[in-house]
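Note that this is a predicted model, so its numbers are computed, not measured. To find a chain, count down the sequence lines: A is the first, B the second, and so on, and within it residues start at 1. As a basis for the values below, the full set of heavy atoms in this structure was taken, side chains included, without hydrogen atoms, waters or symmetry mates.
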Amino acid sequence: MNGSGNGNGKENGYGKRVKVESEVARKKIKTEGEKKRRVKREQKEEEEAEEYEWWRDQNGDKDDTIRWTQLEHQGVLFPPEYVPHGVPILYDGEKVYLEPEIEELVGFFAALLETEHGANPTFQRNFFNELKLLMSKSKRKYPIKEFSRCDFRPMYEYFQKQKEEKKQMSKEEKAALLEERKMIEEKYGYCILDGRREKVGNFRIEPPGLFRGRGAHPKTGCYKRRVRAEQITINIGKDAKIPEPPKGSKWGNVIHDQTVTWLAMWKENVNDNTKYVFLAAGSSLKGQSDLKKYEKARELKKHIVRIRKDYMAALTSSDGKTRQRATALYLIDRFALRAGNEKGDDQADTVGCCSLRYEHVTFEDGKVVFDFLGKDSIRYYNKVEVHPAVYRNLVSFQRAAKTPGNLLFSLINTVELNKHLSSLMPGLSAKVFRTYNASHTFQQELEKQDVTPASSIHELTLAYNRANRQVAVLCNHQRAVAKNFSGQLSKIADRLMGLRYECRRHIDLLKPNLTDLSLADRAKYDLAPFEQACRDDPDRPITTEWLYSYFADLLTKDIERLEKKKASDATQSNLDSIEEKLASLSSELSTLNSKKEALSSSKSSKPYIPEMYRLTFNSIDKSFSTIQRLYTRIVATKTALVDKDENKTTALGTSKINYIDPRITVSWCKKFDIPVEKFFPKTLREKFKWAMHADKNFKF
DNA sequence: TGTAAGACTTGGAATAATCTTC
DNA sequence: GAAGATTATTCCAAGTCTTACA
């Protein structure tokens, strides 16, 4: 099952590269040991799961409109009924108690008080309209008239308290909850599909709440109502036992449609969208379409030269429609834009290629600037150089559009575009370009990376993530910057400075002891790479001031540790020695602080180093191995820092899950003797089971 | 030929689980 | 062993694209 080449004989879950060193590494060994056990456990689970290797008997001419012949499942799981809490809200400062149905709705809003939704005027307005509607239907008279006079804080605080209590739950309570979850998953989480047990994805019916539309969605904040069995259609095998609906209710419909893959379906009330219960990503049905998707993208590889030639030629066609289509294709292919279907007024105003409007394109310094909101209202901003014919076309399309609000590609739409594409290659549509370009780019970028099978695991990971990042940038996969990101970054940078300083100190200590060695012996202790590694970062040089805070920090932490020890496990016999140590640490701290204060007045060059942190030379070997160990940590911290910074606003997951052919990753891992677990967590290994057998020479 | 419905993939955020650091 | 950070997973919104129907 595991195709990564890290057989059981290897030292640990990450192959043979992790150097195990004494003392400092001891803790690491413990956690790595745990990790190793976990990975092994997972691998065992994966191996044990009875495997139907559908990818082994794929035959192309099978009738693929029938998706299953046998389907048995347990239906869906409903969220628990509402339990009123009786906490009021304030209106003009006066308590207002609400009847359960209204309290539930108000609770949905109160819970979001401190979020962006809660602060969004559209969200507030839609919610309040729903509330007024509900109140108007009630027999009770409520004084509530204006949103601005409501205070939802008592309810909000009640929820916060509940959250806190949940956190404080005892181990036993948590375990019981987990047990219950497992039992539910055991019941609803699996189905029988053509004689095999397969995992179901979202068997839980979505609970009621306020619709959380993204971006400027006009319906955000509307009441998403509780779904009842009567609204649900169950799709199940003819011979299968129909699952029991909740007591006193019945399913809206039960059908036996073998041409679709969903198990249950209902209509959601806010946007009138259909919601489905599908199988999990790791199921054979999903796996088959995944494989098909990537094979289609690989098929495009064979046609891409011809297709590009075709649309490049069409850029200068005398027919306006042809010119628009060619230009749109150029953008979809070059910049991985989405097709851009038309959207209604009751949705957020977002666009893709075909729905680009006058205002989304500008021209600067001979370049084209795209600036629009794409899927999920994520901004797409790109200033790019394009082929002169494309530039001319875009200028003329914009001129024809005349004013903002009008379509740039006024003569074409996605249906037509895709029709044209499928005439160039069967099954080709606009989204295939995204898959093709993502996978192709990834493979190319991976090849460009400066790594060899001898590179460290850190370097290989960084290389992989860099290639992944190129794809994520191409596809414009963004994420919000984590809160306190800069704080986290400077924390790592600070740690790096400390490591560099310690490494340099040890080098300075060792160096004089090497002078008496023979030339050959001295070569054994080459310090050059380490000296290079601990050179200062020009942006953050090690100053005397920094050194004082560095040592003060060490002292403070040591003091805290000792205080804790004293409070928790001091016995009569060690109490004295703890007190003694504490006293000397505290006195060093005050010395240090006074030296630091004096720093500005006296320009003393040599910083004061507290007694306990001064180094003493022991032996060449010991000293050298300490330096090696510090060096390893410096390199690891440095790469982590670069990786983190580069990942600030880019989300790598989406492209990994949806666009990059997993066989590229598998084959790369095999080539570099690195476990695939490093890049695919459990669920992805499950999803990409079909790709795990890829050979190390696989080419997309 | 246009429009709507339906089925499926793609996507970021929220939440849960795990790891790291102190 | 607790807190905070990181990573994995779940949730459900928002796309794409095909088909049905008028």
Grab the [atom1]-[atom2] distance between [X] and [N] for me, whole Å please.
X	N	atom1	atom2	answer
A:Lys687	C:dT9	NZ	P	13 Å
A:Asp376	C:dA13	CG	C1'	7 Å
A:Glu416	C:dT16	CD	P	16 Å
A:Ile378	C:dA14	CD1	P	11 Å
A:Ile657	B:dG12	CD1	P	10 Å
A:Tyr276	B:dT9	OH	C1'	13 Å
A:Lys267	B:dG6	NZ	C1'	9 Å
A:Gln288	B:dT9	CD	P	11 Å

Proximal nucleotide (of [options]) relative to the [X] side chain:
X	options	result
A:Lys343	C:dG15, C:dT9, B:dC8	C:dG15
A:Phe278	C:dC12, B:dA7, C:dG15	B:dA7
A:Asn418	C:dC17, C:dA13, C:dA8	C:dC17
A:Val415	C:dT18, B:dA16, C:dC11	C:dT18
A:Lys293	B:dT9, B:dG11, B:dA7	B:dT9
A:Thr683	B:dG11, C:dT9, B:dC8	C:dT9
A:Trp262	B:dA17, B:dA7, C:dG15	B:dA7
A:Arg434	B:dG11, C:dA13, B:dA16	B:dG11
A:His477	C:dA13, B:dG12, C:dT16	B:dG12

Could you tell me if [Y] and [X] have a donor-acceptor pair between their side chains, going purely by distance under 3.5 Å?
X	Y	value
A:Ser655	A:Asn468	yes
A:Tyr276	A:Thr261	no
A:Thr350	A:Lys343	yes

Rounded to 10 degrees, the angle between the two terminal axes of the helix from B:dT1-C:dA22 to B:dC22-C:dG1, each from five pairs: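 Axis angle across the helix from B:dT1-C:dA22 to B:dC22-C:dG1, nearest 10°: 10°.
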Contact class for [X] (heavy atom, under 4.0 Å): base, sugar-phosphate, or nothing?
X	answer
A:Leu178	sugar-phosphate
A:Ala339	sugar-phosphate
A:Arg214	base
A:Gly213	sugar-phosphate
A:Ala348	nothing
A:Gly340	sugar-phosphate
A:Gln478	sugar-phosphate
A:Thr414	nothing

Any [X] side-chain N or O less than 4.0 Å from OP1/OP2 of [N]:
X	N	result
A:Lys275	C:dC11	no
A:Thr261	B:dC8	yes
A:Arg338	B:dG11	yes
A:Ser429	C:dT16	no
A:Ser289	B:dT9	yes
A:Asn341	C:dT16	yes
A:Lys375	B:dT10	no
A:Lys431	B:dC8	no

Test log, rule side chain to side chain contact (heavy atoms under 4.5 Å, CB included), inputs A:Arg204 and A:Tyr188: CA-CA 9 Å; A:Arg204 278 169 228 273; A:Tyr188 294 96; over 6 Å; no
Does a side-chain N-to-carboxylate-O contact under 4.0 Å join [X] and [Y]?
X	Y	value
A:Arg298	A:Glu295	yes
A:Asp661	A:Arg663	yes
A:Glu686	A:Lys199	no

5′-ward residue of the pair A:Phe211/A:Lys296 relative to DNA chain C: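 Counting from the 5' end, the first nearest nucleotide belongs to A:Phe211.
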5'-most by nearest nucleotide on DNA chain C - A:Leu684 or A:Glu268: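 Nearest-nucleotide comparison on DNA chain C picks A:Leu684.
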Side-chain donor or acceptor of A:Asn413 paired with backbone N/O of A:Asn341 under 3.5 Å: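 No, A:Asn413 side chain to A:Asn341 backbone: no donor-acceptor pair under 3.5 Å.
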5' precedence on DNA chain B between A:Val260 and A:Ala651 (nearest-nucleotide basis):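 The residue whose closest nucleotide sits nearer the 5' end is A:Val260.
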Near-ring test A:His73/A:Phe203, centroid separation under 6.0 angstrom: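 No: the rings miss the under 6.0 Å criterion.
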Working for side chain to side chain contact (heavy atoms under 4.5 Å, CB included), residues A:Lys224 and A:Phe108: CA-CA 10 Å; A:Lys224 194 170 109 174; A:Phe108 294 143; over 6 Å; no
